[in-house]
Amino acid sequence: MGYQEILQYIYNETLQLSHIGEPASYIPELRKVNPNQYGICLKTLEGKTYCVGDSQEAFAIQSIAKVFALAMAFHIKGERLWERVGVEPSGSAFNSVIQLEMEKGIPRNPLINAGALVISDILLSELDYPEEQFLKFVQELCGDSDIRYNESMAVSERENGFLNAAIANMLKYYGNIENDIERVLRFYFRQCSLTMNCQQLASAFMAFANHKKKFEYFQTSLTGSQVKRINAIMQTCGFYDEAGDFSFKVGLPGKSGVGGGIAAICPRKYAIAVWSPRLNKKGNSVMGMKALELLTTKTEESIF
Ligand code: GLU
């Protein structure tokens, strides 16, 4: 079976789950999204693209944006990045405050909210026009200048982002935020509001599947070692407190978002993005998880 037949098989199989789970509702703008949309796009290193379903419908990538921010900050700061954020799975919810207090303001990893707020703070200190430069970076990663922030999503999240504000305040208390808290939150929420479709997301994630891909924006590429580390963090921390389960069932580095998207890569083979807004209790897309499990089972291609 080729990838197109496999995607079609997966799509048909997973449709049985289409009524399971609920879309995220804690961000009012996310409630407006039709929960019955479902798309998949896979891109290979040889340059082939395979899509099924609503792969051209754009959605808020939410936490998947944390991977792009991490790549940018890691490229700029190198190993010094790890002085301010760890690389251990949290085993807690993505927006947990308890662990941050116990560990005195050093977030467990860059893919939970506390870690992403520290990364946002670093980018604010390092870049002249953080929002513009971040957007340009992602646009260039996927070779598409149509990608935009969803401003009403960002505003809607800021108006209701009390827990993220609490996390930012605690980070500031422990001296792990340099900039104004409000500025950090606004930048973080704009990253989360970034709106992309499955095809664009798969293109952008080729940077992590293909160790040789140049990051046009920097006129250079991440080193092989940096890509390895970003993939390792995605593998161990990319799925909230369900990272172990995702590793167990799927076996690919990836990152999910509460908008219902999941992006994942098979090193040196392909990048894939799946989107379906209905989430399980841990905040991961029900159909997205199942689709990727079927993909690696059917193709027998995973990192394990
Ligand atoms: N903007 C969301 C939040 O901070 C992102 C969460 C996610 O996608 O995991 O709550």
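Since the structure is predicted, the reported quantities are computational estimates derived from the model, not experimental observations.
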Query raised in the report: Taking it one step at a time, do Thr49 and Gln199 satisfy side chain to side chain contact (heavy atoms under 4.5 Å, CB included)?
Result: CA-CA 8 Å; Thr49 301; Gln199 192 164 341; 3.9 Å; yes
What I'd like to find out is whether the side chain of [X] reaches to under 4.5 Å of the side chain of [Y], using heavy atoms alone.
X      : Y      : result
Val87  : Thr236 : no
Trp82  : Arg229 : yes
Glu293 : Val250 : yes
Leu194 : Ile64  : no
Pro253 : Ile303 : yes
Phe246 : Asn284 : no
Leu100 : Tyr174 : no
Leu15  : Met287 : yes

Can you tell me if [X] and [Y] form a side-chain donor-acceptor pair at under 3.5 Å?
X      : Y      : result
Asn95  : Asn113 : no
Gln235 : Ser247 : yes
Tyr173 : Lys104 : no

Requested in this report: Apply the test side chain to side chain contact (heavy atoms under 4.5 Å, CB included) to residues Met234 and Phe205: give CA-CA distance (whole Å), side-chain angles for both, the deciding distance (0.1 Å), then the verdict.
Outcome: CA-CA 12 Å; Met234 283 202 269; Phe205 264 65; 3.6 Å; yes
Query raised in the report: Quick one: does NZ or CZ of Lys290 land under 6.0 Å from the six-membered ring centre of Tyr11, within 45 degrees of the ring axis?
Result: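 Not satisfied by the 6.0 Å and 45° rule.
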Query raised in the report: Does Lys172 NZ have over 12 foreign heavy atoms under 6.0 Å away?
Result: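 Yes.
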Requested in this report: For Tyr129, look at atom OH and say whether over 12 heavy atoms of other residues, nucleotides or ligands are found less than 6.0 Å away.
Outcome: no
Can a donor-acceptor pair be found, under 3.5 Å and without considering hydrogens, that links the side chain of [X] to the backbone of [Y]?
X      : Y      : value
Ser156 : Glu29  : yes
Gln8   : Gln4   : no
Glu22  : Arg278 : no
Trp275 : Ala58  : no
Arg108 : Gly86  : no
Asn150 : Thr195 : no
Asp121 : Leu117 : no
Gln37  : Glu57  : no
Gln56  : Asn197 : no
Asn280 : Val286 : no

Query - Cys237 and Ile112: CA distance, side-chain angles, deciding distance, side chain to side chain contact (heavy atoms under 4.5 Å, CB included) verdict - result: CA-CA 8 Å; Cys237 313; Ile112 52 173; over 6 Å; no
[X] and [Y]: which non-hydrogen atoms are nearest, and at how many Å?
X      : Y      : value
Gln226 : Gly78  : NE2-CA, 4.4 Å
Ala168 : Ile181 : CB-CG2, 3.7 Å
Ile147 : Gln139 : O-NE2, 2.9 Å
Pro107 : Val118 : CG-CG2, 3.7 Å
Asn179 : Ile177 : O-CG2, 3.2 Å
Thr299 : Thr296 : OG1-CA, 3.7 Å

Kindly work out whether a path of hydrophobic side-chain contacts (I/L/V/M/F/W/Y, heavy atoms less than 4.5 Å apart) joins [X] to [Y].
X      : Y      : value
Leu252 : Ile230 : no
Ile61  : Leu123 : yes
Met1   : Leu295 : yes
Leu45  : Leu42  : no
Tyr38  : Phe59  : no

Query raised in the report: Should the pair Phe187 and Phe134 be assigned to parallel (<30°), tilted (30 to 60°) or perpendicular (>60°) ring geometry?
Result: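 Perpendicular, since the angle between the ring planes exceeds 60°.
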Query - Whether Tyr3 and Tyr270 hold their rings parallel, tilted or perpendicular, with breakpoints at 30° and 60° - result: perpendicular
Check [Y] with [X], please: is the shortest side-chain N to carboxylate O separation under 4.0 Å?
X      : Y      : result
Lys298 : Glu13  : no
Lys282 : Asp245 : no
Glu131 : Arg183 : yes
Lys249 : Glu242 : no

Report task. Determine, step by step, whether Lys255 and Phe239 satisfy the side chain to side chain contact (heavy atoms under 4.5 Å, CB included) criterion, reporting the C-alpha distance in whole Å, the side-chain angles of both residues, the deciding distance to 0.1 Å, and the verdict. Result -> CA-CA 6 Å; Lys255 180 75 198 91; Phe239 293 82; 5.6 Å; no
Between atom [atom1] of [X] and atom [atom2] of [Y], what is the distance when rounded to the nearest 0.5 Å?
X      : Y      : atom1 : atom2 : answer
Leu7   : Ser55  : CG    : OG    : 9.5 Å
Gln62  : Ser256 : CD    : OG    : 11.0 Å
Thr14  : Met289 : OG1   : CE    : 13.5 Å
Ser18  : Gln16  : OG    : CD    : 9.0 Å
Asn109 : Ile233 : CG    : CD1   : 7.0 Å
Ile20  : Leu17  : CD1   : CG    : 5.0 Å

